[in-house]
**Q** 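Below is a structure I'd like to ask you about.
Chain letters run A, B, ... following the sequence lines, proteins first and then strands; every chain starts at 1.
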There are 2 protein chains.
Amino acid sequence: MVHDALHITELLRAEGIQPSAQRVAVARYVLFTDDHPTADQVWSEVRRDFPVISRATVYNTLNLFAEKGLLQSHSFDDGAGVFDANTEPHHHFIDEETGRIVDIPIDRLRVSGIHELEGLDVDDVRVVLRGRLKDGPR
Amino acid sequence: MVHDALHITELLRAEGIQPSAQRVAVARYVLFTDDHPTADQVWSEVRRDFPVISRATVYNTLNLFAEKGLLQSHSFDDGAGVFDANTEPHHHFIDEETGRIVDIPIDRLRVSGIHELEGLDVDDVRVVLRGRLKDGPR
DNA sequence: ATCGGTGCAAATTATTTGCATGAAT
DNA sequence: ATTCATGCAAATAATTTGCACCGAT
């Protein structure tokens, strides 16, 4: 996984995003984690390396990235809204004890019965699983 | 569908909820609609009949009902959190144009592939469908 | 008089907006 | 000099907390 500023700069430019120092700092964390952080978690995390950045800028940057398709934002029945660097369509598993969210590739699950539903024109299917993560070998 | 105050009073008492005037007013609307209103929509709607009630009371009442199992609360990727009088486990369809949310009975869909996922102990499965509601005979 | 429960004002948290500043032409 | 983009202070929206009030004992 490459985290160098040059790489990130190019990545942002490729989306037409001006790579300001703040945006690079946010990108460096949020585009390369498989956590599913809330906006506030991003703010905390980013300030470790880049101490002077406001919450508003973090929110605006996350929204900008989401608009440009670098991030998805999700919101589940329990917690606050989270951001997800995985921009492919995918499903989610939520550990009910820890709150940890894990991505499930879209083709690992199949949903049947959709065609039998009347009056609905379905173009997107997402599954949310809940349960416990068995702590296996990491 | 019965909306009389007597009925509602009993319903609330059965859950150990003191049926104050405010709570009955909220219950009268939210427990008998198949809309999926936000807290603010509930507030607006309730004030038609019961003009003096604060937002805080509506929030607290909705949370109380949800704790007692009279309501579920949901939150989807787009909009704000909504409340749902359907307390059975179920799936959802969201009309991408209107935002309208429709419940899908749990047994109308089947999700396969869950057993093949390793390291996950799954005890709940929810599906969110998106698309368009074909306007059939209403 | 005291206690427990209620509703709401105020506080807190979450998010968006609008404007002062600085860079580019 | 003008324009345009940026980051943040302040505004707004969303939600929770804590306390004054009231009814029952």
**Q** Going hydrophobic residue to hydrophobic residue with side-chain gaps under 4.5 angstrom, can you get from A/Tyr29 over to A/Val58?
**A**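 Yes, because A/Tyr29 and A/Val58 connect within a single hydrophobic cluster, where side-chain heavy atoms sit under 4.5 Å apart.
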**Q** Would you tell me if any nitrogen or oxygen in the side chain of B/Ser20 comes within less than 4.0 Å of OP1 or OP2 on C/dG7?
**A** yes
**Q** Answer yes or no: does a side-chain N or O of B/Tyr59 lie under 4.0 Å from OP1 or OP2 of D/dT15?
**A**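 So the side-chain polar atoms of B/Tyr59 do come within 4.0 Å of the phosphate oxygens OP1 or OP2 of D/dT15, strictly under.
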**Q** Tell me: CZ of B/Arg55 to P of C/dA11, nearest whole Å?
**A** 17 Å
**Q** So, is B/Asn60 close to the C/dT6 phosphate, meaning a side-chain N or O under 4.0 Å from OP1 or OP2?
**A**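 It does not, given that no N or O in the side chain of B/Asn60 lies less than 4.0 Å from OP1 or OP2 of C/dT6.
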**Q** Using whole Å, report how far CD of A/Gln41 lies from P of C/dA14.
**A**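 In whole Å, C/dA14 P and A/Gln41 CD are 10 Å from each other.
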**Q** Among C/dC8, D/dA14, C/dT15, which nucleotide sits nearest the side chain of B/Asp40?
**A** D/dA14
**Q** Using a 3.5 Å distance criterion without hydrogens, assess whether the side chain of A/Asp84 forms a donor-acceptor pair with backbone atoms of A/Asn86.
**A** yes
**Q** Check B/Glu97 with B/Arg132, please: is the shortest side-chain N to carboxylate O separation under 4.0 Å?
**A**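 Answer for the salt bridge query: yes.
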**Q** Would you mind reading off the distance between A/Leu62 atom CG and D/dC8 atom P, rounded to a whole angstrom?
**A**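 So the two atoms are 14 Å apart, to the nearest Å.
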**Q** Rounding to a whole Å, what distance do you find between A/Gln22:CD and D/dA9:P?
**A**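 Whole-Å distance recorded here is 12 Å.
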**Q** When you get a sec, tell me which of C/dT6, D/dT15, D/dT17 is the closest nucleotide to the side chain of B/Arg23?
**A**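 That would be C/dT6.
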**Q** Can you find a side-chain donor-acceptor pair between B/Asp103 and B/His91 that sits under 3.5 Å?
**A**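 There is no such pair between these side chains.
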**Q** In whole angstrom, give the distance that lies between atom CH2 of B/Trp43 and atom C1' of D/dT15.
**A** 14 Å
**Q** Which nucleotide wins on minimum distance to the side chain of A/Gln18, given the candidates D/dA14, C/dT16, D/dA5?
**A** D/dA5
**Q** Grab the CD1-C1' distance between A/Ile53 and D/dA9 for me, whole Å please.
**A** 15 Å
**Q** Is A/Ile53 reachable from A/Phe65 through a run of I, L, V, M, F, W or Y residues, each pair having side-chain heavy atoms under 4.5 Å apart?
**A**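 Yes: a chain of side-chain contacts under 4.5 Å links A/Phe65 to A/Ile53.
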**Q** May I ask you to say what B/Thr57 touches in the nucleic acid, namely base, sugar-phosphate or nothing, with a heavy-atom cut-off under 4.0 Å?
**A** base
**Q** What is the distance, rounded to the nearest whole Å, between atom NZ of A/Lys68 and atom P of D/dA5?
**A**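 Distance check: A/Lys68 NZ to D/dA5 P gives 11 Å.
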**Q** Rounded off to whole Å, could you give me the CG-to-C1' distance for the B/Asn63 and C/dG7 pair?
**A** 14 Å
**Q** For A/Val58, answer base if it contacts any base atom (sugar-phosphate contacts may also be present), sugar-phosphate if it contacts only those atoms, and nothing otherwise; contact means non-hydrogen atoms under 4.0 Å.
**A**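 If one applies the 4.0 Å heavy-atom cut-off, A/Val58 turns out to touch nothing in the nucleic acid.
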